[in-house]
Amino acid sequence: MDGCTSKLEAKHYKSDVTPIWCPGCGHFGIQAAVNRAFAELQLDPAKVVVVSGIGCSSRIPAYTTCYGFHGLHGRALPLAIGLKLARPDLTVLVAGGDGDGFSIGGNHFLHACRRNVDLTYVVMDNEVYGMTKGQPSPTTAPDWDSDLQPGGTGISAFRPLGVALQSGANFIARGFSGDLNGLTKLIVQGIKHPGFSFIHALSPCVTFRPEEREWKTLTHASGEAITSDFQEASRRIAADDGLTTGPLYAADRRAYAPPVAPLRDTKTNLSHIQAEFRL
Amino acid sequence: MDGCTSKLEAKHYKSDVTPIWCPGCGHFGIQAAVNRAFAELQLDPAKVVVVSGIGCSSRIPAYTTCYGFHGLHGRALPLAIGLKLARPDLTVLVAGGDGDGFSIGGNHFLHACRRNVDLTYVVMDNEVYGMTKGQPSPTTAPDWDSDLQPGGTGISAFRPLGVALQSGANFIARGFSGDLNGLTKLIVQGIKHPGFSFIHALSPCVTFRPEEREWKTLTHASGEAITSDFQEASRRIAADDGLTTGPLYAADRRAYAPPVAPLRDTKTNLSHIQAEFRL
Amino acid sequence: MTQFTSATDSVSIAITGSGGAGAITAGTLLLEAAGKAGWYGLMTRTVGPQIRGGEAAALVRLARRPVSGHGDRFDILVALDWRNVERFVAEIPLGPQSIAIADDDAGDVPEKIAAYGALNVTAPFARLAEDIRGARPNIISLGTVAALIGLPEEAMIETVAATLIEKKVSLEECSQAIRAGYDIGVQLAATYGAAGALKLPEPKSTSGAKPERWVITGNQAAGYGALKGGIRFAALYPITPATDLLEWVAPRFAAVGGVLCQAEDEIAAVQMAVGASYGGVPSLTTTSGPGLALKLETIGLAVCAEVPLVIFNVMRGGPSTGIPTKSEQTDLNIALYGLHGDAPHVVLAPLSVEDNVLTTQWSVHLAETLQTAVFVLSDQLMAQAKSVIPAPKEVDFGTRRLQPVEPKAGVYKRYALTESGISPMAIPGTPGGQYTADGLEHNERGTPSSQANDHHSQLDKRNKKLEAFDYGALWAEIEGEADAEIGIITWGSTSAPVREALARARASGIKTRLVAMRLLAPARPVQLAEALQGVKKLLVVEQSHSGQFLGYLKAHYDLPVAPESLRHPGPLAIRPSEVCDILSRWS
Amino acid sequence: MTQFTSATDSVSIAITGSGGAGAITAGTLLLEAAGKAGWYGLMTRTVGPQIRGGEAAALVRLARRPVSGHGDRFDILVALDWRNVERFVAEIPLGPQSIAIADDDAGDVPEKIAAYGALNVTAPFARLAEDIRGARPNIISLGTVAALIGLPEEAMIETVAATLIEKKVSLEECSQAIRAGYDIGVQLAATYGAAGALKLPEPKSTSGAKPERWVITGNQAAGYGALKGGIRFAALYPITPATDLLEWVAPRFAAVGGVLCQAEDEIAAVQMAVGASYGGVPSLTTTSGPGLALKLETIGLAVCAEVPLVIFNVMRGGPSTGIPTKSEQTDLNIALYGLHGDAPHVVLAPLSVEDNVLTTQWSVHLAETLQTAVFVLSDQLMAQAKSVIPAPKEVDFGTRRLQPVEPKAGVYKRYALTESGISPMAIPGTPGGQYTADGLEHNERGTPSSQANDHHSQLDKRNKKLEAFDYGALWAEIEGEADAEIGIITWGSTSAPVREALARARASGIKTRLVAMRLLAPARPVQLAEALQGVKKLLVVEQSHSGQFLGYLKAHYDLPVAPESLRHPGPLAIRPSEVCDILSRWS
Ligand SMILES: Cc1ncc(C[n+]2csc(CCOP(=O)(O)OP(=O)(O)O)c2C)c(N)n1
Ligand SMILES: Cc1ncc(C[n+]2csc(CCOP(=O)(O)OP(=O)(O)O)c2C)c(N)n1
Ligand code: SF4
Ligand code: SF4
Ligand SMILES: [Mg+2]
Ligand SMILES: [Mg+2]
């Protein structure tokens with residue numbers, strides 16, 4: 001980019017680092033949608049931070065031209081919260097996998113929803129641990145056979161939307177990596193919506209879950225308008241088959257902001273504090 | 001106790017260790033209800049394990065005459081799961097505080113609900129960190145003033161029942177430490193119900209939340225019969241004021257059991273495995 | 001073998017009682033009154049297992065000069081009652097010269113107290129309290145203590161009155177209560193001749209302005225040091241005995257513009273701090289042993305991604321949940337070696353309540369300058385001790401986080417290999433500075449790399465920036481005689497009893513050299529060798545069972561001689577006499 | 001200064017190619033064929049950053065005697081193509097005597113390969129493959145390698161056919177493919193005279209039964225050792241390079257009655273193992289660096305509550321997420337010192353692929369007998385190396401967890417102070433054995449206590465049970481000459497190159513003594529002193545940047561002389577010649 005007058009396009013958010021992803025991986029689609037969303041919002045890459053954990057999906061920050069933090073497995077959300085509280089002027093997008101976000105990161109997900117800091121969280125869900133070569137994740141169906149769990153886990157799958165709703169997420173939607181326009185729109189909405197926005201993005205792992213290529217035909221738009229009614233959202237989620245896409249729920253809770261913003265001024269006069277101690 | 005013919009009473013489950021609890025603490029009531037429930041079920045104390053984390057509430061194991069494990073803050077559930085999977089013959093009761101279970105232990109709570117191992121989990125909720133002297137917990141109202149968070153947390157409270165339901169708990173109820181009979185009944189039901197039973201037990205902290213003494217008058221029985229309908233349970237929880245007591249939800253998911261139980265036989269012949277390696 | 005006598009320029013008082021007896025209140029008032037009288041002092045507390053309302057003791061030491069630790073024994077024990085005192089009697093050693101004053105109603109002197117062989121007397125604190133409005137036995141006993149130690153009655157009365165005014169007790173009533181106790185003290189002194197022995201000597205008349213003094217706890221001092229250092233973001237998960245540090249900071253952040261976050265767990269807390277720091281705001285997280293264990297993975301990330309981070313850890317008894325309310329110096333190993341992989345970082349430890357100000361301020365400077373994780377190891381003893389201290393000196397450490405000048409996007413090397421090992425770090429918002437911070441090994445740009453040369457050069461860089469840095473004189477407090485042949489090395493709050501022992505040795509003409517280390521990692525072998533030049537005998541003192549500090553010294557320094565180890569675990573502090581015993585054996 | 005020549009009784013082959021080229025398949029087939037031919041061998045792999053389909057190399061070493069590690073350089077490099085080979089070229093050192101055979105179509109020899117100065121030739125693997133049904137270039141190249149190293153053609157053909165039968169390729173077609181490659185090899189040998197040099201010497205004719213050999217990876221060997229040791233509960237959170245250990249165990253648990261649990265995170269995994277073990281079932285958890293960091297708090301609990309626990313940690317490049325697919329010996333510090341408080345525990349490390357069987361079996365025995373946490377430190381190199389090994393010896397460690405006999409409820413002392421420090425541990429279900437396991441410090445009954453005497457006596461007990469135990473000869477593998485004046489200490493998979501260096505030294509008449517430590521904690525200073533008696537020069541060898549092993553030795557042992565350190569970080573393994581260089585400098 002040269003200068004601030006020219007219009008930013010999706011390609012301006014794409015870095016020169018080659019993704020490590022397998023050809024055909026759904027994560028490419030998510031990356032494209034994120035870049036398009038940034039372009040649509042004309043965000044200055046120097047004022048955006050993409051934060052992630054560890055996983056194939058979590059490699060996404062370095063593939064953008066924004067600031068990035070590729071942190072630890074499962075810990076993207078609290079890092080992003082600290083960052084956003086310290087720097088409310090930045091746009092912070094968090095992205096990562098289903099293992100990262102719902103397994104090891106489950107507690108941070110719960111509390112990020114409650115905390116309602118102004119972030120957008122995109123979970124690139126392929127119902128498997130891609131990077132570690134094919135173990136079941138919380139969203140994996142109980143009968144999926146794998147080396148580690150022959151015959152399946154026998155445990156019912158985690159319900160991301162329901163848990164997000166109960167925990168207080170302010171915006172909830174589901175997208176699909178194969179639906180670039182739809183997903184781009186959801187990410188734009190999520191970024192614009194104040195507070196914590198959660199976007200559940202289905203993203204096939206062609207290597208360890210080749211059957212997920214079928215999502216192309218199985219996913220279907222919800223057709224219903226977004227609701228701000230908790231009960232109604234709750235009802236829709238209970239009836240959901242897990243492949244319904246589109247915006248689902250938008251609440252109007254005020255985004256959390258700390259009582260005082262950090263000054264970043266180290267020269268502040270501390271004499272009133274000294275006075276407290278003086279005999 | 002002498003011999004196995006005599007009937008066990010609640011007092012037989014009470015050890016000679018003096019609780020560290022403040023006079024009037026709600027946890028005394030929970031302890032009493034647990035002991036009564038054990039007596040009602042005539043459980044052999046040598047075949048019961050009470051597992052907990054760290055907190056005032058989590059001190060409960062040593063106050064019983066059963067086996068106990070007073071483990072780490074927030075980690076009671078996975079320890080109990082390991083124990084129960086290894087020893088399906090034991091009755092395992094998990095107990096602890098709201099901080100222990102919903103803050104640091106939130107992820108284990110989510111996944112214990114999903115995993116549906118046959119345990120009973122009693123959360124002794126006083127909406128505060130008692131043991132560390134009065135910090136807000138996830139269930140604390142957003143405007144509760146404390147030293148650490150003057151003016152309140154500004155974060156909406158965690159909804160234990162809703163999250164438990166969405167995560168797959170097989171039995172859900174709420175009790176109150178001041179209602180000994182009611183709570184005893186719930187614990188009995190929870191232990192009897194297969195799979196993961198969650199009992200949310202309100203338990204005033206008279207020291208750091210003296211206003212919770214009012215729960216005596218504020219709690220009220222739900223009046224509605226227990227339901228096995230997810231949607232209906234969901235509706236009730238959404239309408240709940242947080243002080244409704246009684247059994248709420250009982251599903252009929254089969255309790256999780258591993259494919260093979262552990263043999264505890266170290267002399268097993270491994271020759272068929274050696275054969276795999278042999279050239 | 002020389003026997004040293006202990007200094008008589010201080011007096012130590014323990015006040016014990018069951019829940020509600022007000023032992024801690026009495027101790028606090030005693031310290032404050034001493035402060036008012038121009039004295040210095042220190043108060044720690046010890047409690048039983050009850051959450052609230054259980055037995056407790058206030059342990060107070062007063063002197064006309066600064067006091068950093070407790071002495072060998074308590075001169076005066078006031079027992080408002082004896083209930084459950086055996087739970088911490090080992091922490092209140094008495095000597096044959098000590099006096100134990102129990103309330104008339106307290107009943108028999110417990111066996112373990114009697115075993116100390118002190119003078120045991122009783123006093124009618126409770127009975128007298130009945131007759132004076134607003135008075136309670138603990139307040140009466142303060143008059144007695146004041147009389148015995150020579151603390152001006154007025155200071156005691158004023159202090160008590162300032163507190164009891166809230167409860168609508170008048171100055172007159174207060175002075176009646178204190179005087180009633182005072183009379184007992186005078187009588188005791190007359191009867192047993194104790195008073196003269198316990199009275200602090202009058203100060204040499206000093207002309208000129210009185211030095212400024214502060215009343216502060218170690219955790220407050222650390223909080224203040226953090227604010228001075230520039231910390232404007234803090235995150236924690238509550239844990240004893242660290243929580244009160246940020247409980248002190250919380251309302252003060254409002255004034256300086258700081259954000260405090262109580263996280264859902266320790267991992268989230270330290271991650272938040274890393275995120276905020278990455279965003280350019282100096283950040284800190286507080287914890288204690290069990291919480292520190294949980295934070296290690298993220299601290300390793302800060303080291304690898306080179307994000308400044310201060311981890312303030314208040315040590316308590318270990319292992320595991322251990323003894324949350326008692327002190328021990330056993331989180332040294334985990335702080336030095338607890339990160340997986342080769343992850344060089346900084347470890348500091350304050351040497352006293354007051355040193356928490358300087359050390360914490362320095363920790364922020366080092367974290368920001370070196371772009372790494374800095375541990376500060378305090379301990380329960382100093383963290384929760386309340387102390388009257390000389391006002392800390394003002395220090396300014398100067399420059400901070402190095403930032404790139406007009407970085408160019410796509411060219412900027414976040415992890416550039418530089419001479420110092422420190423690379424300019426772009427703060428989000430800086431145009432052209434975009435990079436991705438990474439805990440994967442990476443090349444200079446920050447792009448993940450598993451190549452041997454990238455790994456080696458980044459390992460070199462992260463090590464060099466710490467090794468090559470000039471830490472100046474702050475790495476240790478060194479005192480004693482240049483020609484001494486006895487050297488002593490210690491750290492943390494154990495420095496206080498060791499210093500006291502050395503002062504006694506000096507008084508007996510024994511020369512020693514003391515190195516009290518403030519900087520534990522990276523090790524400074526050249527500086528230590530210099531500090532110990534000529535030393536022929538070496539003692540290492542620490543409060544641990546396994547000798548963690550000893551092992552550390554052996555691993556990273558070439559000690560001039562094989563050291564002897566003086567150590568024991570908490571909760572008992574190292575006493576000056578334990579050090580003296582060894583020194584006298586050596587001389 | 002003596003120069004040693006390297007042994008010529010082994011041959012090393014690297015096969016490289018981009019994704020889909022089948023380099024790894026070729027390497028695996030080569031190892032299998034060698035096994036079939038009665039040889040021994042080892043294969044490791046190195047890959048680029050792509051998740052699937054990226055460049056990779058198979059690194060194979062073959063000999064007629066057991067092989068535990070790689071040599072100084074590769075004799076033969078087969079490049080199916082050159083794409084991205086620079087990503088790991090440093091891991092494939094070639095010498096001037098080596099031969100690099102690239103496919104005709106591979107294009108220019110990359111600079112870094114050329115720089116090795118090997119003989120660079122090309123061969124028409126791809127072109128030949130076009131003409132043979134079912135054949136691919138990697139298969140053809142196997143024939144060439146076989147010809148060069150003297151591996152019987154039949155063994156190669158049979159092995160390939162056994163695999164390709166699935167793809168409906170006939171034996172005839174396979175033998176055509178291998179023969180085509182073989183001819184190239186014969187030609188190359190004739191042209192360049194390489195063949196004679198590379199061919200393994202014929203074995204001395206041995207009468208009697210051939211020794212039994214196994215094909216196994218380090219992680220499989222560990223899994224097998226765990227089963228032998230009696231592990232019947234395992235929990236993990238997946239992490240490279242540890243996951244495949246339990247992926248191997250999972251289906252085999254069905255046969256022996258074991259429960260495997262994939263937990264939601266590492267903390268849950270280790271907690272599950274503690275719970276199962278408390279229930280009486282020997283339990284294990286597997287992980288690698290970042291996961292180990294998360295497990296420390298719970299491991300400390302196992303130590304304090306005295307619950308047997310095995311933590312199997314496969315080291316990878318650190319710090320932080322580091323280099324997940326490459327090897328390094330840098331989780332030593334965290335394993336030794338990563339627990340807060342004084343928390344004595346056991347640390348073991350296998351010395352080779354095959355030693356994983358013994359060491360893991362022993363770890364279970366020690367955990368159960370000593371009622372404590374036992375770490376096993378493997379590393380990516382041996383864990384994922386596939387090796388043809390001599391069948392492991394059967395070992396039986398005998399008795400296990402001590403249980404109380406008819407304990408009496410209310411009287412039973414779970415943490416009784418005994419002579420050995422080991423207290424009988426009741427298993428839930430045992431009438432009268434009821435107690436509460438606790439991570440808080442406790443008295444003998446298990447009731448929480450913060451008293452000094454309880455803390456001290458329990459610390460003593462937990463330390464004593466480990467210190468006083470007789471670990472026998474297993475603590476280290478010791479070899480070399482009793483009168484040697486050069487001593488070498490090493491550990492883990494670095495033992496292999498060190499052993500090889502010593503064999504070369506011996507061949508040159510240089511005497512050395514090697515201590516390869518299997519037991520790292522508790523330290524055995526008396527045993528080491530004995531093993532090093534008479535040593536005048538000492539070398540410590542490890543694969544780390546900071547010298548973690550060196551620091552550990554200095555801290556816990558009185559070494560006879562100041563040691564020299566040979567070390568570097570991963571991913572490059574220590575090579576025998578690096579050790580030889582120092583030995584020749586010394587002699
Ligand atoms: C603390 C820790 N535990 C485990 C791992 C190993 N690990 C790396 S990625 C991953 C799972 C990735 O799955 P997911 O988040 O679903 O991402 P995907 O690869 O499927 O996109 C795991 C378990 C790690 N790096 N750190
Ligand atoms: C890892 C760890 N973090 C923090 C603590 C400190 N801690 C002890 S109890 C507790 C909270 C207790 O609150 P809760 O679970 O609600 O129990 P309560 O005391 O209210 O019954 C905390 C934070 C700890 N022991 N371990
Ligand atoms: S393994 Fe799966 S998730 Fe990972 S890059 Fe390949 S296709 Fe994508
Ligand atoms: S502090 Fe609160 S929760 Fe803890 S024992 Fe006292 S009343 Fe109960
Ligand atoms: Mg995934
Ligand atoms: Mg609570």
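Bear in mind the structure is a predicted one, so any value in this text is a computation, not a measurement. Chain A is the first sequence line, chain B the second, and so forth, proteins listed ahead of strands; every chain is numbered from 1.
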Kindly give the heavy-atom pair with the smallest separation between [X] and [Y], and that separation in Å.
{"X": "C/G279", "Y": "A/R87", "result": "O-NH1, 2.9 Å"}
{"X": "C/L301", "Y": "A/F69", "result": "CD2-CE2, 3.9 Å"}
{"X": "A/A46", "Y": "C/P431", "result": "CB-CA, 3.7 Å"}
{"X": "A/A86", "Y": "C/F233", "result": "CB-CD1, 4.4 Å"}
{"X": "C/A255", "Y": "A/H272", "result": "CB-NE2, 3.5 Å"}
{"X": "C/G429", "Y": "A/K47", "result": "CA-CG, 4.4 Å"}

Among [options], who wins on heavy-atom pairs under 4.5 Å with chain A?
{"options": "C/Q220, C/M272, C/E32, C/R252", "value": "C/M272"}
{"options": "C/C304, C/G300, C/A426", "value": "C/A426"}
{"options": "C/A263, C/A437, C/G439", "value": "C/A437"}

Non-hydrogen atoms of chain A under 4.5 Å away: do they reach the side chain of [X], the backbone, both or neither?
{"X": "C/P392", "result": "neither"}
{"X": "C/A391", "result": "neither"}
{"X": "C/A269", "result": "neither"}
{"X": "C/V388", "result": "side chain"}
{"X": "C/E212", "result": "side chain"}
{"X": "C/V270", "result": "neither"}
{"X": "C/I389", "result": "neither"}
{"X": "C/A235", "result": "neither"}
{"X": "C/S283", "result": "neither"}
{"X": "C/T447", "result": "side chain"}

Tell me, side chain or backbone of [X] under 4.5 Å from chain C's heavy atoms, or both, or neither?
{"X": "A/A80", "answer": "neither"}
{"X": "A/P78", "answer": "both"}
{"X": "A/P259", "answer": "neither"}

Any sub-3.5 Å donor-acceptor pair from [X]'s side-chain atoms to [Y]'s backbone N or O?
{"X": "C/Q434", "Y": "A/T65", "answer": "yes"}
{"X": "C/Y278", "Y": "A/G68", "answer": "yes"}
{"X": "C/Y224", "Y": "A/F277", "answer": "no"}

How long is the straight-line distance from [atom2] of [Y] back to [atom1] of [X], given to the nearest 0.5 Å?
{"X": "C/L227", "Y": "A/I273", "atom1": "CG", "atom2": "CD1", "answer": "5.0 Å"}
{"X": "C/Q262", "Y": "A/R115", "atom1": "CD", "atom2": "CZ", "answer": "8.0 Å"}
{"X": "A/Y63", "Y": "C/T436", "atom1": "OH", "atom2": "OG1", "answer": "10.0 Å"}

Legend entry - C/E394-A/Q274 side chain donor-acceptor pair, cut-off 3.5 Å: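 Yes, because at least one side-chain N or O of C/E394 sits under 3.5 Å from a partner of the opposite role on A/Q274.
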So [Y] and [X], do their side chains get closer than 4.5 Å, heavy atoms only?
{"X": "A/L85", "Y": "C/C261", "result": "yes"}
{"X": "C/Q271", "Y": "A/I81", "result": "no"}
{"X": "C/L440", "Y": "A/R59", "result": "yes"}
{"X": "C/I267", "Y": "A/R75", "result": "yes"}
{"X": "A/L279", "Y": "C/K36", "result": "no"}

When you look at [atom1] of [X], are more than 12 heavy atoms from neighbouring residues, nucleotides or ligands closer to it than 6.0 Å?
{"X": "A/R254", "atom1": "CZ", "value": "no"}
{"X": "C/E406", "atom1": "CD", "value": "no"}
{"X": "A/E40", "atom1": "CD", "value": "no"}

Legend entry - Pair A/E276-C/I216, side-chain contact (heavy atoms from CB on, under 4.5 Å): steps then yes or no: CA-CA 9 Å; A/E276 292 179 33; C/I216 201 165; over 6 Å; no
Inset, instruction - Among A/D89, A/T91, A/V49, find the residue that satisfies the side-chain contact (heavy atoms from CB on, under 4.5 Å) test when tested with C/P428. - result: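 For C/P428, the side-chain contact (heavy atoms from CB on, under 4.5 Å) check succeeds only for A/V49.
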Legend entry - CA sep, side-chain torsions, deciding dist, call: A/L270, C/K228, side-chain contact (heavy atoms from CB on, under 4.5 Å): CA-CA 7 Å; A/L270 298 178; C/K228 279 195 76 172; 3.4 Å; yes
Inset, instruction - Among A/R278, A/H111, A/K84, single out the residue with the greatest number of heavy-atom pairs under 4.5 Å to chain C. - result: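 Top option by heavy-atom pairs under 4.5 Å: A/R278.
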Inset, instruction - Indicate yes or no: does C/E264 engage A/R114 in a salt bridge with an N to O separation below 4.0 Å. - result: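 Here C/E264 does not pair with A/R114 in a salt bridge, since their nearest N and O are not under 4.0 Å apart.
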